[in-house]
Trainee: 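My questions all concern the structure below.
Because the structure is predicted, anything quoted here is derived from the model rather than measured. So that the names make sense, note that chain A is the first sequence line, chain B the second, and so on, each numbered from 1.
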Amino acid sequence: MVRSQVETSSHEGLSIGGYALIYVVLLVLTVATFLLSRHDFGIWSTVIALAIAVAKASLVALFFMQLWEHGGTYRLAVATALLWLALMIVFILADVKTRFPLAVPSNAPMADQPVHGGPGTGKPGPTQRQTPP
Amino acid sequence: MSPEPEVAEHFANAQVQRNAVRLGMWAFLGTEILLFAGLFAGYAEYRSLYPEAFFYCSRHLDATLAMIETAVLITGSFAVVLAHHYAGERRGGLTSLSLLAAVATGGAFLALHGVEYVTHFHEGALPGRYYTLAEIPIAGSSMFFTLYFLMTGLHSLHVIAGAGVLAWLALRAARGPITEHKYNAVELGGLYWHLVDLIWIFLFPLLYLI
(Lines give C-alpha, C1' and ligand atoms only; values in the text may rest on other atoms or scores of the structure.)
Protein backbone atom coordinates (compact mmCIF):
# COMPACT_ATOMS: atom_id res chain seq x y z
CA MET A 1 0.00 0.00 0.00
CA VAL A 2 1.40 3.31 -1.06
CA ARG A 3 -0.68 5.22 1.48
CA SER A 4 0.97 3.84 4.56
CA GLN A 5 4.47 4.13 3.19
CA VAL A 6 6.51 6.85 4.77
CA GLU A 7 10.02 7.70 3.78
CA THR A 8 12.33 6.45 6.52
CA SER A 9 14.50 9.51 6.30
CA SER A 10 13.37 13.06 5.75
CA HIS A 11 16.03 15.65 5.26
CA GLU A 12 14.39 18.96 5.76
CA GLY A 13 16.03 22.26 6.50
CA LEU A 14 19.70 23.10 6.56
CA SER A 15 22.70 20.90 7.31
CA ILE A 16 24.09 20.84 10.86
CA GLY A 17 26.87 23.15 9.70
CA GLY A 18 24.33 25.64 8.40
CA TYR A 19 22.42 25.62 11.68
CA ALA A 20 25.67 26.00 13.65
CA LEU A 21 26.55 29.06 11.56
CA ILE A 22 23.18 30.67 12.32
CA TYR A 23 23.60 29.80 15.99
CA VAL A 24 26.97 31.59 16.06
CA VAL A 25 25.51 34.64 14.26
CA LEU A 26 22.70 34.78 16.85
CA LEU A 27 25.22 34.73 19.69
CA VAL A 28 27.33 37.44 18.05
CA LEU A 29 24.24 39.63 17.57
CA THR A 30 23.29 39.09 21.23
CA VAL A 31 26.69 40.30 22.44
CA ALA A 32 26.64 43.14 19.89
CA THR A 33 23.27 44.48 21.04
CA PHE A 34 24.44 44.33 24.64
CA LEU A 35 27.68 46.24 23.91
CA LEU A 36 25.89 48.82 21.74
CA SER A 37 23.35 49.44 24.52
CA ARG A 38 26.17 50.63 26.80
CA HIS A 39 26.60 53.67 24.54
CA ASP A 40 24.04 56.41 24.30
CA PHE A 41 22.82 57.02 20.76
CA GLY A 42 19.80 59.02 21.91
CA ILE A 43 16.60 58.05 20.12
CA TRP A 44 18.64 55.72 17.91
CA SER A 45 19.45 53.43 20.84
CA THR A 46 15.96 51.93 20.76
CA VAL A 47 15.97 51.75 16.96
CA ILE A 48 19.31 49.91 16.92
CA ALA A 49 18.24 47.49 19.68
CA LEU A 50 14.95 46.70 17.94
CA ALA A 51 16.61 46.34 14.52
CA ILE A 52 19.00 43.75 15.96
CA ALA A 53 16.09 41.99 17.68
CA VAL A 54 14.19 41.85 14.39
CA ALA A 55 17.27 40.47 12.64
CA LYS A 56 17.68 37.76 15.29
CA ALA A 57 13.98 36.90 15.26
CA SER A 58 14.05 36.66 11.46
CA LEU A 59 16.95 34.21 11.57
CA VAL A 60 15.12 32.05 14.12
CA ALA A 61 11.80 32.15 12.25
CA LEU A 62 13.21 31.68 8.74
CA PHE A 63 15.78 28.98 9.43
CA PHE A 64 15.25 27.37 12.85
CA MET A 65 11.49 27.37 12.29
CA GLN A 66 12.00 26.71 8.56
CA LEU A 67 9.70 29.42 7.27
CA TRP A 68 12.18 30.08 4.49
CA GLU A 69 11.76 26.56 3.16
CA HIS A 70 8.10 25.97 3.93
CA GLY A 71 6.69 29.42 3.24
CA GLY A 72 3.16 29.59 1.86
CA THR A 73 0.28 29.37 4.28
CA TYR A 74 2.53 29.33 7.35
CA ARG A 75 3.83 32.76 6.45
CA LEU A 76 0.22 33.91 6.16
CA ALA A 77 -0.45 32.80 9.76
CA VAL A 78 2.64 34.67 10.98
CA ALA A 79 1.89 37.77 8.92
CA THR A 80 -1.66 37.91 10.29
CA ALA A 81 -0.45 37.72 13.88
CA LEU A 82 2.16 40.42 13.24
CA LEU A 83 -0.42 42.65 11.55
CA TRP A 84 -2.69 42.47 14.62
CA LEU A 85 0.28 43.11 16.87
CA ALA A 86 1.15 46.21 14.84
CA LEU A 87 -2.45 47.47 14.81
CA MET A 88 -2.72 47.05 18.55
CA ILE A 89 0.50 48.94 19.31
CA VAL A 90 0.03 51.69 16.71
CA PHE A 91 -3.52 52.59 17.70
CA ILE A 92 -2.89 52.42 21.44
CA LEU A 93 0.14 54.70 21.02
CA ALA A 94 -1.81 57.01 18.72
CA ASP A 95 -4.45 57.33 21.44
CA VAL A 96 -2.02 57.93 24.29
CA LYS A 97 0.12 60.37 22.33
CA THR A 98 -2.79 62.57 21.18
CA ARG A 99 -4.55 62.97 24.53
CA PHE A 100 -4.95 66.47 25.93
CA PRO A 101 -6.55 67.87 29.07
CA LEU A 102 -10.18 68.74 28.49
CA ALA A 103 -10.94 72.45 28.81
CA VAL A 104 -13.13 73.42 31.76
CA PRO A 105 -14.73 76.86 31.50
CA SER A 106 -14.88 78.92 34.73
CA ASN A 107 -16.72 77.13 37.54
CA ALA A 108 -19.23 75.23 35.50
CA PRO A 109 -18.79 71.48 35.83
CA MET A 110 -19.17 69.79 32.48
CA ALA A 111 -21.37 66.79 31.88
CA ASP A 112 -18.60 64.91 30.11
CA GLN A 113 -16.10 65.15 32.95
CA PRO A 114 -15.20 61.97 34.81
CA VAL A 115 -18.03 61.18 37.20
CA HIS A 116 -17.09 60.95 40.85
CA GLY A 117 -20.55 61.57 42.22
CA GLY A 118 -24.01 60.61 41.15
CA PRO A 119 -26.93 58.59 42.45
CA GLY A 120 -26.26 56.62 45.60
CA THR A 121 -22.93 58.25 46.41
CA GLY A 122 -24.32 61.14 48.39
CA LYS A 123 -22.56 63.54 46.05
CA PRO A 124 -24.09 65.58 43.26
CA GLY A 125 -24.09 63.85 39.90
CA PRO A 126 -22.70 65.34 36.70
CA THR A 127 -26.05 66.67 35.57
CA GLN A 128 -26.81 68.52 38.80
CA ARG A 129 -25.38 71.97 38.42
CA GLN A 130 -23.81 73.43 41.49
CA THR A 131 -24.49 77.07 42.10
CA PRO A 132 -21.36 79.02 43.02
CA PRO A 133 -21.46 80.32 46.59
CA MET B 1 -4.80 -3.07 19.93
CA SER B 2 -3.37 -2.43 16.49
CA PRO B 3 -0.64 0.19 16.22
CA GLU B 4 -1.65 3.67 15.15
CA PRO B 5 -1.23 4.07 11.37
CA GLU B 6 1.61 6.32 10.28
CA VAL B 7 -0.73 8.43 8.20
CA ALA B 8 -4.30 9.12 9.30
CA GLU B 9 -6.99 7.88 6.95
CA HIS B 10 -8.14 11.30 5.83
CA PHE B 11 -4.71 12.41 4.60
CA ALA B 12 -3.52 11.44 1.12
CA ASN B 13 0.05 10.88 2.25
CA ALA B 14 2.59 11.69 4.93
CA GLN B 15 3.53 15.03 3.34
CA VAL B 16 -0.05 16.28 3.36
CA GLN B 17 -0.36 15.21 6.99
CA ARG B 18 2.84 17.08 7.85
CA ASN B 19 1.60 20.22 6.15
CA ALA B 20 -1.67 20.02 8.08
CA VAL B 21 -0.14 19.56 11.53
CA ARG B 22 2.36 22.32 10.81
CA LEU B 23 -0.34 24.76 9.78
CA GLY B 24 -2.29 23.95 12.93
CA MET B 25 0.79 24.68 14.99
CA TRP B 26 1.47 27.98 13.23
CA ALA B 27 -2.12 29.07 13.82
CA PHE B 28 -1.63 28.28 17.51
CA LEU B 29 1.67 30.18 17.57
CA GLY B 30 -0.19 33.14 16.04
CA THR B 31 -2.52 33.19 19.04
CA GLU B 32 0.49 32.98 21.35
CA ILE B 33 1.93 36.08 19.68
CA LEU B 34 -1.40 37.83 20.26
CA LEU B 35 -1.37 36.78 23.92
CA PHE B 36 1.93 38.60 24.35
CA ALA B 37 0.81 41.43 22.05
CA GLY B 38 -1.37 42.88 24.80
CA LEU B 39 1.63 43.11 27.10
CA PHE B 40 3.85 44.60 24.40
CA ALA B 41 1.16 47.19 23.68
CA GLY B 42 0.90 47.97 27.39
CA TYR B 43 4.66 48.33 27.52
CA ALA B 44 4.60 50.76 24.58
CA GLU B 45 1.89 52.82 26.26
CA TYR B 46 3.51 53.14 29.67
CA ARG B 47 6.97 53.66 28.25
CA SER B 48 5.65 56.58 26.20
CA LEU B 49 3.95 57.98 29.33
CA TYR B 50 6.92 57.53 31.69
CA PRO B 51 10.07 57.52 29.52
CA GLU B 52 12.35 58.66 32.35
CA ALA B 53 11.18 56.06 34.86
CA PHE B 54 11.50 53.31 32.24
CA PHE B 55 15.02 54.42 31.40
CA TYR B 56 16.30 54.38 34.99
CA CYS B 57 14.47 51.15 35.90
CA SER B 58 15.84 49.44 32.81
CA ARG B 59 19.36 50.55 33.76
CA HIS B 60 18.74 49.13 37.23
CA LEU B 61 18.23 45.59 35.83
CA ASP B 62 21.18 43.25 35.36
CA ALA B 63 21.73 43.38 31.58
CA THR B 64 24.81 41.14 31.70
CA LEU B 65 22.83 38.38 33.37
CA ALA B 66 20.04 38.86 30.82
CA MET B 67 22.57 38.57 27.99
CA ILE B 68 23.70 35.22 29.42
CA GLU B 69 20.05 34.16 29.71
CA THR B 70 19.55 35.08 26.04
CA ALA B 71 22.57 33.02 25.01
CA VAL B 72 21.24 30.08 27.06
CA LEU B 73 17.85 30.22 25.33
CA ILE B 74 19.46 30.49 21.88
CA THR B 75 21.57 27.45 22.73
CA GLY B 76 18.34 25.64 23.63
CA SER B 77 16.88 26.56 20.25
CA PHE B 78 19.99 25.23 18.54
CA ALA B 79 19.66 21.95 20.48
CA VAL B 80 16.04 21.62 19.35
CA VAL B 81 17.05 22.21 15.73
CA LEU B 82 19.58 19.38 16.10
CA ALA B 83 16.87 17.16 17.60
CA HIS B 84 14.63 17.86 14.61
CA HIS B 85 17.51 17.07 12.26
CA TYR B 86 18.31 13.77 13.99
CA ALA B 87 14.63 12.83 14.16
CA GLY B 88 14.55 13.32 10.38
CA GLU B 89 17.42 10.82 10.12
CA ARG B 90 15.44 8.51 12.45
CA ARG B 91 18.23 8.49 15.05
CA GLY B 92 16.32 8.15 18.31
CA GLY B 93 19.27 8.31 20.73
CA LEU B 94 20.69 11.56 19.36
CA THR B 95 17.22 13.06 19.08
CA SER B 96 16.57 12.27 22.72
CA LEU B 97 19.92 13.65 23.86
CA SER B 98 19.46 16.90 21.93
CA LEU B 99 16.00 17.35 23.41
CA LEU B 100 17.34 16.75 26.91
CA ALA B 101 20.05 19.34 26.27
CA ALA B 102 17.31 21.81 25.36
CA VAL B 103 15.41 20.96 28.56
CA ALA B 104 18.62 21.62 30.49
CA THR B 105 18.95 25.07 28.91
CA GLY B 106 15.36 25.76 29.94
CA GLY B 107 16.22 24.82 33.52
CA ALA B 108 19.34 26.98 33.45
CA PHE B 109 17.33 29.92 32.13
CA LEU B 110 14.74 29.59 34.88
CA ALA B 111 17.44 29.33 37.55
CA LEU B 112 19.17 32.49 36.29
CA HIS B 113 15.88 34.30 36.11
CA GLY B 114 15.06 33.15 39.61
CA VAL B 115 18.25 34.87 40.79
CA GLU B 116 16.95 38.11 39.25
CA TYR B 117 13.54 37.73 40.91
CA VAL B 118 15.07 37.09 44.34
CA THR B 119 17.20 40.23 43.99
CA HIS B 120 14.15 42.30 43.09
CA PHE B 121 12.13 40.90 45.98
CA HIS B 122 14.86 41.85 48.46
CA GLU B 123 15.37 45.38 47.15
CA GLY B 124 11.64 46.11 46.82
CA ALA B 125 11.63 46.50 43.03
CA LEU B 126 8.12 45.09 42.91
CA PRO B 127 4.94 45.79 40.90
CA GLY B 128 2.30 48.37 41.69
CA ARG B 129 1.88 49.52 45.29
CA TYR B 130 4.47 47.03 46.55
CA TYR B 131 7.19 49.06 44.85
CA THR B 132 9.60 50.33 47.52
CA LEU B 133 12.85 50.83 45.63
CA ALA B 134 14.25 53.99 47.24
CA GLU B 135 16.95 54.30 44.58
CA ILE B 136 14.46 55.28 41.86
CA PRO B 137 11.66 57.37 43.39
CA ILE B 138 10.13 58.39 40.06
CA ALA B 139 6.45 58.08 39.15
CA GLY B 140 5.95 55.26 36.66
CA SER B 141 8.71 53.06 38.10
CA SER B 142 6.17 50.76 39.68
CA MET B 143 4.54 50.35 36.23
CA PHE B 144 7.86 49.32 34.75
CA PHE B 145 8.18 46.57 37.33
CA THR B 146 4.53 45.56 36.90
CA LEU B 147 5.21 45.02 33.21
CA TYR B 148 8.60 43.46 33.90
CA PHE B 149 7.10 40.82 36.17
CA LEU B 150 4.07 40.19 33.93
CA MET B 151 6.10 39.86 30.75
CA THR B 152 8.99 37.81 32.12
CA GLY B 153 6.60 35.81 34.33
CA LEU B 154 4.34 34.85 31.44
CA HIS B 155 7.42 34.05 29.39
CA SER B 156 8.85 31.87 32.17
CA LEU B 157 5.56 29.95 32.35
CA HIS B 158 6.01 29.25 28.65
CA VAL B 159 9.57 28.06 29.28
CA ILE B 160 8.25 25.65 31.93
CA ALA B 161 5.53 24.36 29.60
CA GLY B 162 7.96 24.05 26.69
CA ALA B 163 10.55 22.23 28.77
CA GLY B 164 7.84 19.80 29.92
CA VAL B 165 6.84 19.10 26.32
CA LEU B 166 10.45 18.61 25.23
CA ALA B 167 11.14 16.24 28.15
CA TRP B 168 8.12 14.17 27.14
CA LEU B 169 9.34 14.13 23.51
CA ALA B 170 12.80 13.05 24.69
CA LEU B 171 11.28 10.12 26.56
CA ARG B 172 9.28 9.08 23.51
CA ALA B 173 12.29 9.41 21.21
CA ALA B 174 14.39 7.23 23.50
CA ARG B 175 11.79 4.46 23.44
CA GLY B 176 11.53 2.57 20.16
CA PRO B 177 12.12 3.79 16.60
CA ILE B 178 11.28 7.30 15.43
CA THR B 179 7.95 7.02 13.67
CA GLU B 180 6.28 9.61 11.49
CA HIS B 181 4.17 10.66 14.48
CA LYS B 182 7.18 11.13 16.72
CA TYR B 183 8.96 13.09 14.00
CA ASN B 184 6.00 15.44 13.65
CA ALA B 185 5.75 15.80 17.42
CA VAL B 186 9.44 16.77 17.63
CA GLU B 187 8.90 19.35 14.91
CA LEU B 188 5.84 20.89 16.60
CA GLY B 189 7.39 20.88 20.08
CA GLY B 190 10.45 22.48 18.52
CA LEU B 191 8.35 25.22 16.90
CA TYR B 192 6.87 26.03 20.32
CA TRP B 193 10.33 26.22 21.87
CA HIS B 194 11.52 28.56 19.12
CA LEU B 195 8.54 30.84 19.74
CA VAL B 196 9.48 31.07 23.42
CA ASP B 197 12.96 32.04 22.23
CA LEU B 198 11.50 34.62 19.80
CA ILE B 199 9.51 36.33 22.57
CA TRP B 200 12.62 36.58 24.72
CA ILE B 201 14.61 38.02 21.81
CA PHE B 202 12.26 41.04 22.05
CA LEU B 203 11.92 41.13 25.84
CA PHE B 204 15.70 41.31 26.24
CA PRO B 205 16.27 44.68 24.51
CA LEU B 206 12.93 46.20 25.56
CA LEU B 207 13.37 45.53 29.28
CA TYR B 208 17.13 45.46 29.79
CA LEU B 209 18.78 47.52 27.06
CA ILE B 210 16.79 50.74 26.64
Side-chain angles (χ1 to χ4, degrees), chain A residues 2-16 19-20 22-23 26-27 30-31 33-34 36-38 45-46 48-50 52-54 56-57 60-61 63-67 70 72-82 84-93 95-97, chain B residues 5-7 9 11-14 18-19 22-23 25-27 29-34 36-38 40-46 48-49 63-64 66-67 70-71 74-75 77-78 80-82 84-85 87-90 179-180 183 187 190-191 194-195 197-198 201-202 204-206 208-210:
Chain A
V2 180
R3 262 180 92 107
S4 61
Q5 274 178 4
V6 175
E7 65 270 52
T8 48
S9 170
S10 37
H11 279 283
E12 289 188 313
L14 306 175
S15 64
I16 290 187
Y19 285 131
I22 288 173
Y23 171 59
L26 285 171
L27 287 183
T30 302
V31 175
T33 191
F34 171 76
L36 285 169
S37 77
R38 303 297 97 179
S45 290
T46 306
I48 292 170
L50 280 180
I52 292 180
V54 167
K56 285 165 70 185
V60 171
F63 298 106
F64 282 7
M65 299 171 94
Q66 300 194 327
L67 269 188
H70 294 154
T73 32
Y74 314 117
R75 288 189 196 164
L76 190 63
V78 180
T80 311
L82 293 181
W84 283 108
L85 174 67
L87 285 177
M88 211 170 191
I89 291 176
V90 166
F91 282 102
I92 284 178
L93 273 186
D95 168 29
V96 172
K97 283 295 191 187
Chain B
E6 289 278 272
V7 180
E9 204 181 339
F11 290 116
N13 55 46
R18 273 187 196 177
N19 292 346
R22 234 180 246 146
L23 183 59
M25 191 64 194
W26 275 109
L29 295 185
T31 66
E32 285 278 16
I33 292 175
L34 292 182
F36 278 91
F40 280 111
Y43 170 91
E45 172 177 352
Y46 281 100
S48 78
L49 288 175
T64 313
M67 179 182 67
T70 311
I74 290 174
T75 306
S77 262
F78 180 55
V80 158
V81 158
L82 290 183
H84 181 238
H85 182 86
E89 293 181 344
R90 302 294 190 252
T179 60
E180 175 70 11
Y183 172 78
E187 169 155 349
L191 283 176
H194 293 314
L195 183 90
D197 191 14
L198 277 185
I201 283 176
F202 285 97
F204 171 51
L206 288 177
Y208 296 86
L209 301 184
I210 58 171

Trainee: Any donor-acceptor pair under 3.5 Å linking the side chain of A:Y19 with the backbone of A:L14?
Mentor: yes

Trainee: Heavy-atom pairs under 4.5 Å with chain B are the metric here; pick the option from A:T33, A:D95, A:L82 that has the most.
Mentor: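 Sorted descending by pairs with chain B, the first entry is A:T33.
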
Trainee: Knowing that exactly one of B:E6, B:R18, B:E89 qualifies, which makes a side chain to side chain contact (heavy atoms under 4.5 Å, CB included) with B:Y183?
Mentor: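 Among B:E6, B:R18, B:E89, the one that satisfies the side chain to side chain contact (heavy atoms under 4.5 Å, CB included) with B:Y183 is B:R18.
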
Trainee: Hey, what do you get for CE (B:M67) to OG1 (A:T30), rounding to the nearest 0.5 Å?
Mentor: 8.5 Å

Trainee: Among B:I33, B:T31, B:L198, which has the most heavy-atom pairs under 4.5 Å with chain A?
Mentor: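 It is B:L198.
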
Trainee: Pick one of side chain, backbone, both or neither for B:F204, based on which atoms fall under 4.5 Å of a heavy atom in chain A.
Mentor: side chain

Trainee: Which one of B:I201, B:L206, B:L34 has the most heavy-atom pairs closer than 4.5 Å to chain A?
Mentor: B:I201

Trainee: In terms of heavy-atom proximity below 4.5 Å to chain A, should B:L191 be classed as side chain, backbone, both, or neither?
Mentor: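 Backbone plus side chain of B:L191, per the 4.5 Å heavy-atom cut-off to chain A.
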
Trainee: Classify the angle between the aromatic ring planes of A:F64 and B:H194 as parallel (below 30°), tilted (30 to 60°) or perpendicular (above 60°).
Mentor: tilted

Trainee: Return the CE to CG distance between A:M88 and A:L93, rounded to the nearest 0.5 Å.
Mentor: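 One gets 12.0 Å once the value is rounded to the nearest 0.5 Å.
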
Trainee: For B:E187, is it the side chain, the backbone, both or neither that has a heavy atom under 4.5 Å from a heavy atom of chain A?
Mentor: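 When you check distances to chain A, only side chain atoms of B:E187 fall under 4.5 Å.
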
Trainee: Under a 4.5 Å cutoff for heavy-atom pairs, which residue among A:A57, A:A77, A:S45 has the most contacts with chain B?
Mentor: A:A57

Trainee: Determine whether B:V7 and B:N13 make a side-chain contact, defined as any pair of heavy atoms from C-beta on separated by less than 4.5 Å.
Mentor: no

Trainee: Highest number of heavy-atom pairs under 4.5 Å with chain A: which of B:G190, B:G42, B:A27, B:S48?
Mentor: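 With the most close heavy-atom pairs to chain A, the winner is B:S48.
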
Trainee: Examine whether an atom of A:T80 lies under 4.5 Å from a heavy atom of chain B, and if so say whether it belongs to the side chain, the backbone or both; otherwise answer neither.
Mentor: neither

Trainee: Please check this pair: side chain of A:Y74 against backbone of B:N19, looking for a donor-acceptor N/O pair closer than 3.5 Å.
Mentor: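 Yes, because the side chain of A:Y74 sits within donor-acceptor range (under 3.5 Å) of the backbone of B:N19.
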
Trainee: Looking at A:V54, A:I52, A:V31, A:L36, which has the largest count of heavy-atom pairs under 4.5 Å with chain B?
Mentor: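 Top option by heavy-atom pairs under 4.5 Å: A:V54.
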
Trainee: Tell me, side chain or backbone of A:L76 under 4.5 Å from chain B's heavy atoms, or both, or neither?
Mentor: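 Contact with chain B involves no heavy atom of A:L76 at all.
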
Trainee: Roughly how far, to the nearest 0.5 Å, is the CD1 atom of A:I92 from the OH atom of B:Y43?
Mentor: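 Taking OH in B:Y43 and CD1 in A:I92, the distance rounds to 15.0 Å.
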
Trainee: What part of A:L26 gets within 4.5 angstrom of chain B, counting heavy atoms only: side chain, backbone, both, or neither?
Mentor: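 For A:L26, heavy atoms of backbone and side chain both lie under 4.5 Å from chain B.
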
Trainee: Under 4.5 Å heavy-atom distance to chain B, tell me which part of A:A20 shows up: side chain, backbone, both or neither.
Mentor: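 Looking at A:A20, backbone and side chain both touch chain B.
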
Trainee: Take A:R38 and B:L209 through the test side chain to side chain contact (heavy atoms under 4.5 Å, CB included) and record every step on the way to the result.
Mentor: CA-CA 8 Å; A:R38 303 297 97 179; B:L209 301 184; 4.0 Å; yes

Trainee: So what's closer than 4.5 Å to chain A heavy atoms on B:T64: side chain, backbone, both or neither?
Mentor: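 Looking at B:T64, backbone and side chain both touch chain A.
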
